[in-house]
Amino acid sequence: MSDTRPLEGQRALVTGGSRGLGAATARRLAGMGAEVIVTYRQRHSEAAEVVAACNDATPGSRAEQLDLLEEDSVRALFERLTDRGDELDVVVANAAATAFKPLLELKMHQIDKTFAISVRHFLLVSQLAFPLLQPRSGRIVAISGADTVGYIPGHGLLAAAKAGMETIVKYLACELGPLGVTAVGVLPGFIDTESIQLMTGPFHAKLIAAEERTHPLRAAATPDDASEAVALVCLPEARWLNGQIVQNDGAGLFAYMGRFGQAWSMVPDEMVMPDVSDAPMLRSTDDPPA
Ligand SMILES: NC(=O)c1ccc[n+]([C@@H]2O[C@H](COP(=O)([O-])OP(=O)(O)OC[C@H]3O[C@@H](n4cnc5c(N)ncnc54)[C@H](OP(=O)(O)O)[C@@H]3O)[C@@H](O)[C@H]2O)c1
C-alpha cells in the first residue's frame, strides 16, 4: 500500500457505476489503486467509458450488466464473479431508481421497484457478496440520501427505502463485524447529477445558483466532490466507522435554517455573516457598557 494508491491490490464493485456518483466513485477508487467492477443497467457505452478511465489508472477494471430489479440478474452477477474466482475488498451499493411523487399518488409497482433496488436486492447483494468479501476483511458501503433526514418534496418513497437500507447497514455491521466484514452508510446531500438535471428541468439553474449562494461551501456538489467521502470510507483505516451513516453534505443540511432565508432572498447579504464581534452576548459582564 502506498500513500497515493492506498487501495493497490484491492478489488471494488460499484453498482450503478455508469454515471453520476457511481461513475465518479469508480474512477476515484481506480485512481487510488483498486481494480473496479462497474455495474450498469442499460448504458453500456457510458459504463465502458468509465471502465476505460479506471483502466488508465489501474488495469483490470471491467463492466458488468446488473439489473437490481431482477433477483436473477443479481444472482447471475455473483455467479460470474464466483466462477472467475473474484474476491472483493469493497462493494459500493450506489444504484437507485424511484418515482418522485407525493405519497398519495404512488402506484404499487413504483413502491415495489424502489424497495426492490434499495432494500430487497441491497440485502441480496450483501448476502451474495459476503463470501467474496470475508477472505479480504472487506467492506459494504451503502449510498443513502438526505431525504432520510429532511423532507424533500416527492422523495417520500425513496426516503423510506433508503431508511430501510440504513437500518440494514447497521444490522450488517453487528452481524458481519464479528465475521470480519464491515458496513458503512454514506448520506450525500444534493449532488448535481444528470438525474437531478432531468428531475429539476427548468429550475435546475436556480437550484445551482441557490446552492452556490447558500451552501456553507458556496458550491453545488459535483459527483466528483461527493465521491471523495465515499472513497474515504472504503479505506481499510475506516474500519471503525462500522455501522455509521456518514453524512457527506458539507454541512448543507445542518445549515438549512439559515440557508432557507438566503435562498429566498429573505435575508439581506450583509446579514448572512454578521459581524458579531461586539454583540452583547459575547461581551463579558466585566466589560464597560458599549
Ligand atoms: N444526486 C443526488 O443529489 C443524490 C443525493 C443523495 C443521494 N443520492 C444517491 O446517490 C446514488 C447515485 O445517485 P446519482 O444521482 O448519481 O444516480 P443516477 O445518475 O440516477 O445513476 C443511477 C445509476 O444507477 C443505475 N441503475 C438505475 N436503475 C438500475 C437498476 N434497476 N439496476 C441496476 N442499476 C440501476 C444506472 O444505470 P444506467 O446508467 O445503465 O441506467 C446508473 O448507473 C443513488 O443511490 C442516489 O439515491 C443522490
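All values derive from a computational prediction rather than experimental measurement. Read the numbers this way: they start at 1 and go in the same order the structure lists the ligands and their atoms.
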Lining ligand 1 at under 4.0 Å, by non-hydrogen atom distance, are residues G16, G17, S18, R19, G20, L21, Y40, R41, Q42, R43, L66, D67, L68, L69, N94, A95, A96, A97, I117, I143, S144, G145, K162, P188, G189, F190, I191, T193, S195, I196
Practice task
Give the minimum heavy-atom separation between R139 and P236, together with the two atoms involved.
Solution key: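 Taking every non-hydrogen atom into account, NH2-O, 3.5 Å.
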Apart from L207 itself, its cluster of hydrophobic side chains linked below 4.5 Å comprises F100, L158, F190, I196, M199, I208
Requested in this report: Taking the side chain as every heavy atom from C-beta outward, state whether R19 and E194 have any atom pair closer than 4.5 Å.
Outcome: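 Heavy-atom side-chain distance check passes, below 4.5 Å.
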#### Entry: Flag side-chain contact, heavy atom, 4.5 Å: L187 against K162
no
Heavy-atom donor-acceptor pair, K170 side chain to A183 backbone, under 3.5 Å: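 The answer is no, because no donor-acceptor pair under 3.5 Å joins these two groups.
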Do you see a donor-acceptor pair shorter than 3.5 Å between the side chains of R27 and S227? no
